[in-house]
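What follows is a single structure, written as structure tokens, with notes after it.
These values consider heavy atoms only, across backbone and side chains, with no hydrogens, waters or symmetry-generated copies.
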Amino acid sequence: MNPDVLSELIAVVARDVIAVREPEVAASIDSSAIAFERPKNRDHGDWATSVALKLAKRVGMAPRDLAAELAGRISEIEGVSSVDIAGPGFLNIRLDASAAGEIARSIVEAGSEFGRNDSLVGQTINLEFVSANPTGPLHIGHTRWAALGDSLGRVLAASGARVANEFYVNDAGAQMDVFGESVLAAALGEPTPENGYPGEYVQELGRIALERRPDLASLDRAEAILVAREIGYETQLQEIKDSLSRFNVHFDVWFSERTLHAGSSEGGSLIDDAIERLRAQGHVFDEDGAVWVRTTDFGDDKDRVITRGNGIFTYFAADAAYYLSKGDRGFQHKIYLLGADHHGYVHRLKALAGSAGDDPEKDIEVLIGQLVSINGAKLSKRAGNIIELNDLQAWLGTDALRYSLARYPADSPLTLDPELLQKRTNDNPVFYVQYAHARICSVLRAWADKDGGDVASLKDVDLSALDSPQAQALMLQLAKYPAMLSAASADFAPHDVTFYLRDLAASYHSYYDAERILVDDEAVKKARLALVAATAQVLHNGLAVLGVSAPASM
RNA sequence: GUCCCUAUAGCUCAGGGGAUAGAGCGUCCGCCUCCGAAGCGGAAGGCCGCUGGUUCGAUUCCAGUUAGGGGCACCA
């Protein structure tokens with residue numbers, strides 16, 4: 001008996017009972033409408049539902065009467081041991097030990113697939129995040145979006161969506177030229193130009209540029225800038241890719257802004273095409289010699305210029321072409337994960353979706369991340385007094401860093417405590433969870449050494465011995481995993497996973513303290529091993545969603 | 001001025017139209033001859049910023065208000 005099945009059965013029962021009185025109300029009931037949940041208080045049963053409270057009014061019954069009728073039917077469901085009515089009409093449901101234990105078997109069978117659900121099946125999602133300018137190293141803000149975005153992508157994929165992680169490379173525009181001038185100046189031993197890029201890394205890029213093109217000094221200035229820019233760009237982008245890869249963050253698409261400026265089949269650029277497509281939709285107008293998009297039609301506070309009076313595109317033009325490109329490449333849903341400094345973009349991007357004929361409410365989601373601060377971090381002199389991803393990772397480690405950055409919703413500001421993250425105790429949330437996993441692996445190793453047992457042989461054991469309160473609490477926690485993942489994907493909330501894992505690890509530690517696993521009674525031992533192996537599997541799966549390792553020993 | 005975010009335990013933060021509002025840290029008291037004590041059990045600690053509204057029921061939704069953070073270009 002897993003919770004999805006039970007909630008579905010309760011929905012069926014509710015439909016049945018209510019159909020007699022109010023067929024229309026009955027038809028509107030599905031498993032999401034019955035408020036099926038794990039009660040906070042264990043005295044309230046294994047599972048609880050307030051469905052009677054919610055429906056009583058519409059059916060014209062007293063909540064407790066409706067509850068009583070439902071309770072009678074629910075108690076007949078196979079595997080349900082009791083149903084109690086509490087308070088104004090809550091139904092508190094308890095399961096047989098063996099019915100509850102089935103969860104352990106299904107987890108061991110499903111392995112790393114356990115938790116996958118189909119709540120987002122059919123969605124094609126373009127998930128854009130980080131998108132740092134290729135003119136310098138990634139900083140602490142990028143680090144947060146990298147951890148969050150990558151985990152979000154995995155959460156969405158686990159719910160059945162087809163997800164592409166995408167990095168938009170801003171490799172066109174004036175800042176690239178400034179970058180080129182800075183690299184060239186460094187290569188030639190000149191001072192950094194005014195408003196140029198500071199930082200030791202620019203000097204490094206200059207040295208690399210000179211190494212590759214010793215003739216740099218003899219080139220025409222404009223050409224030299226171009227050469228320096230391209231070498232710097234290529235080198236810096238590669239460093240960004242390497243940093244992210246070390247951070248266990250994966251991108252499917254590296255989308256170059258230059259492709260938008262380059263020609264399309266018709267001769268004009270993709271940006272020209274984009275403006276014409278928006279014009280065809282009726283949202284573009286000319287005024288004061290410039291070309292505008294009427295973004296105010298979609299909630300923006302002012303209209304936006306897309307082509308300036310001097311004929312040059314604004315940055316918004318590239319945004320428009322880029323947005324359309326996502327749709328053209330088959331993505332119906334576009335998620336943008338942006339830093340707090342971009343929050344003025346939200347209306348603009350939504351307006352873009354609307355102007356393109358998409359649904360601004362459904363087809364585009366803009367998540368604004370708040371700032372990260374950290375105590376005691378060293379500023380990177382080489383990168384011009386920012387806090388670098390590379391330094392953070394070397395300092396704190398991928399696991400601790402990714403886990404703690406994924407622990408909070410994107411829209412809440414967060415402060416990292418480096419002292420805590422370096423502790424190898426349960427003060428440090430990632431170690432608490434990893435320790436639970438390592439502890440289980442240790443038990444399984446002891447079993448394998450002594451009896452030669454392996455986890456695959458636990459698929460057919462009798463699970464009725466799992467009747468202690470701690471074992472049942474653990475099983476219920478395990479059973480919640482798929483629904484938790486599905487909720488996390490619906491809310492774009494990878495932090496749900498970290499909180500779940502904390503609770504699951506706590507349930508396991510309590511269980512471990514209450515019951516010895518490797519006992520003499522073979523049947524009991526097998527049942528407990530199945531439960532414990534299932535727990536390790538879910539810890540492993542959950543950590544994988546966060547891009548964090550699940551070590552077998554620590 | 002305007003728009004967005006935030007306000008929950010001493011600290012850092014989850015949660016959410018319903019039953020006694022949660023976790024970690026910190027404080028206090030207990031638990032290893034026994035599979036990893038990197039652990040477990042317990043205690044203390046809250047007008048869920050403030051005022052109204054909707055509701056059978058609001059800490060949760062809405063409005064206002066106060067406080068904090070952030071954003072406003074024919075920049076990129």
Side-chain angles (χ1 to χ4, degrees), chain A residues 35 37 39-41 43-44 48 50 53-54 56-57 63 86-90 92 133 135 170 172-178 257 287-292 299-319 339-347 366 368-371 373 404 407-417 420 423-429 431-436 438-447 449-450 470 493 495-496 498-500 502-503 505-506 508-519 525 528-529 532 553-554:
Chain A
E37 60 184 16
K40 290 166 193 158
N41 185 334
D43 293 343
H44 296 150
S50 57
L53 286 165
K54 294 204 184 301
K57 200 174 190 178
F90 293 100
N92 296 335
N133 289 345
T135 53
N170 291 126
Q175 93 282 355
M176 283 302 289
D177 297 328
V178 173
E257 184 186 347
E287 194 174 294
D288 299 337
V291 183
W292 300 69
D300 202 0
D301 54 347
K302 56 173 292 194
D303 293 325
R304 303 290 166 179
V305 169
I306 196 161
T307 309
R308 285 185 286 230
N310 59 12
I312 296 175
F313 298 129
T314 62
Y315 200 76
F316 186 53
D319 285 341
D341 55 337
H342 283 69
H343 110 265
Y345 278 36
V346 176
H347 283 305
V366 184
I368 296 297
Q370 292 293 315
L371 299 173
S373 51
S404 35
R407 275 180 79 205
Y408 305 106
D411 57 9
S412 77
L414 88 88
T415 303
L416 293 179
D417 181 348
L420 193 148
K423 282 195 198 167
R424 321 204 110 231
T425 71
N426 71 335
D427 306 6
N428 187 341
F431 279 101
Y432 183 80
V433 174
Q434 288 181 321
Y435 177 54
R439 234 180 167 189
I440 294 170
C441 291
S442 171
V443 173
L444 295 175
R445 272 195 303 273
W447 176 48
D449 290 348
K450 214 166 115 206
Q470 289 85 356
H495 71 275
D496 285 355
T498 66
F499 281 84
Y500 171 82
R502 214 282 155 198
D503 290 344
Y508 174 71
H509 287 310
S510 285
Y511 173 72
Y512 181 88
D513 198 58
E515 261 178 11
R516 197 177 162 78
I517 296 154
L518 299 175
V519 292
K525 179 169 73 180
R528 290 177 180 175
L529 281 164
V532 155
S553 64
M554 298 171 68

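Gln470(A) comes within contact range of no nucleotide atom at all, as no heavy-atom separation falls under 4.0 Å. Within 4.0 Å of Ala438(A), counting heavy atoms only, lies at least one base atom of the nucleic acid. Counting any heavy atom pair closer than 4.0 Å across all strands shown, Tyr435(A) reaches a base atom. Among the protein residues, Ala172(A) comes within range of the sugar-phosphate backbone only, with heavy atoms under 4.0 Å from sugar or phosphate atoms but none that close to a base. Using a 4.0 Å heavy-atom criterion, one finds that Ser510(A) contacts the sugar-phosphate atoms exclusively.
Atom CE of Met176(A) is separated from atom C1' of C75(B) by 17 Å (rounded to the nearest Å). Note: CD (Gln175(A)) to C1' (C75(B)) measures 10 Å, nearest angstrom. One interatomic measurement links the two molecules: CZ of Arg407(A) to P of C25(B), which rounds to 11 Å at whole-angstrom precision. Atom P of nucleotide A23(B) and atom OH of Tyr408(A) are separated by 16 Å, given to the nearest angstrom. For the pair Tyr511(A) OH and G41(B) P, the interatomic distance rounds to 15 Å; values are reported in whole Å. Distance Arg516(A) CZ to A37(B) P: 11 Å, rounded to the nearest Å. Residue Asp503(A) contributes atom CG, which lies 19 Å from atom P of C13(B) at whole-angstrom precision.
An anti base is found at C5(B): its glycosidic angle is more than 90° from 0.
The shortest side-chain heavy-atom distance between Leu518(A) and Trp447(A) falls under the 4.5 Å cut-off. Contact of the Asn170(A) side chain with the Tyr315(A) side chain is registered, since non-hydrogen atoms from C-beta on lie closer than 4.5 Å. At least one side-chain heavy atom of Gln175(A) sits under 4.5 Å from a side-chain heavy atom of Asn133(A). Counting only heavy atoms from C-beta outward, the side chains of Gln470(A) and Glu515(A) never approach each other to under 4.5 Å.
Comparing G24(B), C13(B), C35(B) by their nearest atom to the side chain of Arg502(A) picks out G24(B). Ranking C35(B), A37(B), G15(B) by closeness to the Ala446(A) side chain, first place goes to C35(B). Set against C40(B), C34(B), A14(B), the side chain of Pro409(A) has A14(B) as its closest nucleotide. When each of A14(B), C35(B), G24(B) is scored by its nearest atom to the side-chain atoms of Phe499(A), the top-ranked nucleotide is A14(B). Across G15(B), A19(B), A23(B), the shortest atom-to-atom separation from the side chain of Asn92(A) is found for A19(B).
A sub-4.0 Å separation between OP1 or OP2 of C35(B) and a side-chain N or O of Tyr508(A) is absent. Look at His495(A) and you'll find a side-chain N or O under 4.0 angstrom from OP1 or OP2 of G15(B). At the phosphate of A37(B), OP1 or OP2 sits under 4.0 Å from a side-chain N or O atom of Arg439(A).
In plain terms, the two heavy atoms of Val519(A) and Arg528(A) that are nearest each other are CG1-NH1, 3.8 Å.
Mapping Phe316(A) and His347(A) onto RNA chain B via the closest heavy atom, the residue that lands nearer the 5' end is His347(A).
At least one cation-pi condition fails for Arg439(A) and Tyr508(A): the charged atom is not both under 6.0 angstrom from the six-membered ring centre and inside a 45 degree cone around its axis.
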Where does RNA chain B pair, written as one dot-bracket string 5' to 3', with Watson-Crick or G-U pairs under 3.5 Å, ( ) inside the strand, [ ] for crossing pairs and | for another strand? (((((((..((((....[...)))).(((((.......))))).....(((((..]....))))))))))))....
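Taking atom C1' on both G26(B) and U12(B), the two are 11 Å apart, rounded to the nearest angstrom. Rounded to a whole angstrom, the distance from the P atom of U2(B) to that of G64(B) is 11 Å. Atom C1' of U51(B) sits at a distance of 43 Å from the matching atom of C29(B), rounded to the whole Å. Rounded to whole Å, the separation between the P atoms of A67(B) and C50(B) comes to 15 Å. Comparing G57(B) with G18(B), their C1' atoms are spaced 7 Å from each other, to the whole Å. Using atom P as the reference point in both C62(B) and A7(B), the two lie 13 Å apart (nearest Å). Only the P atoms considered, U55(B) is 49 Å distant from U27(B), to the nearest whole Å. Of the P atoms belonging to C4(B) and A73(B), the separation is 16 Å, rounded to the nearest Å.
For the side-chain hydrogen bond (donor to acceptor under 3.5 Å, both in side chains) test, no residue two or more places apart in sequence or in another chain qualifies with Tyr500(A). Partners of Phe499(A) under the ring-ring contact (aromatic ring centres under 6.0 Å, His included) rule, at least two apart in sequence or in another chain, do not exist in this structure. Scored by the salt bridge (charged side-chain N to carboxylate O under 4.0 Å, His left out) test, Asp177(A) finds Arg229(A) as partners (sequence neighbours excluded). By the side-chain hydrogen bond (donor to acceptor under 3.5 Å, both in side chains) test, His347(A) is found to be paired with no residue, residues two or more places apart in sequence or in another chain being considered.
Rounding to the nearest 0.5 Å gives a distance of 13.0 Å between CZ of Phe313(A) and CG of Asp319(A). With rounding to the nearest 0.5 angstrom, the NE2 atom of His509(A) is 6.5 Å from the OH atom of Tyr435(A).
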Contact letters for nucleotides 67-74 of chain B, in which S counts primed atoms plus P, OP1 and OP2 and B counts the base, heavy atoms under 4.0 Å: ---BS-SB
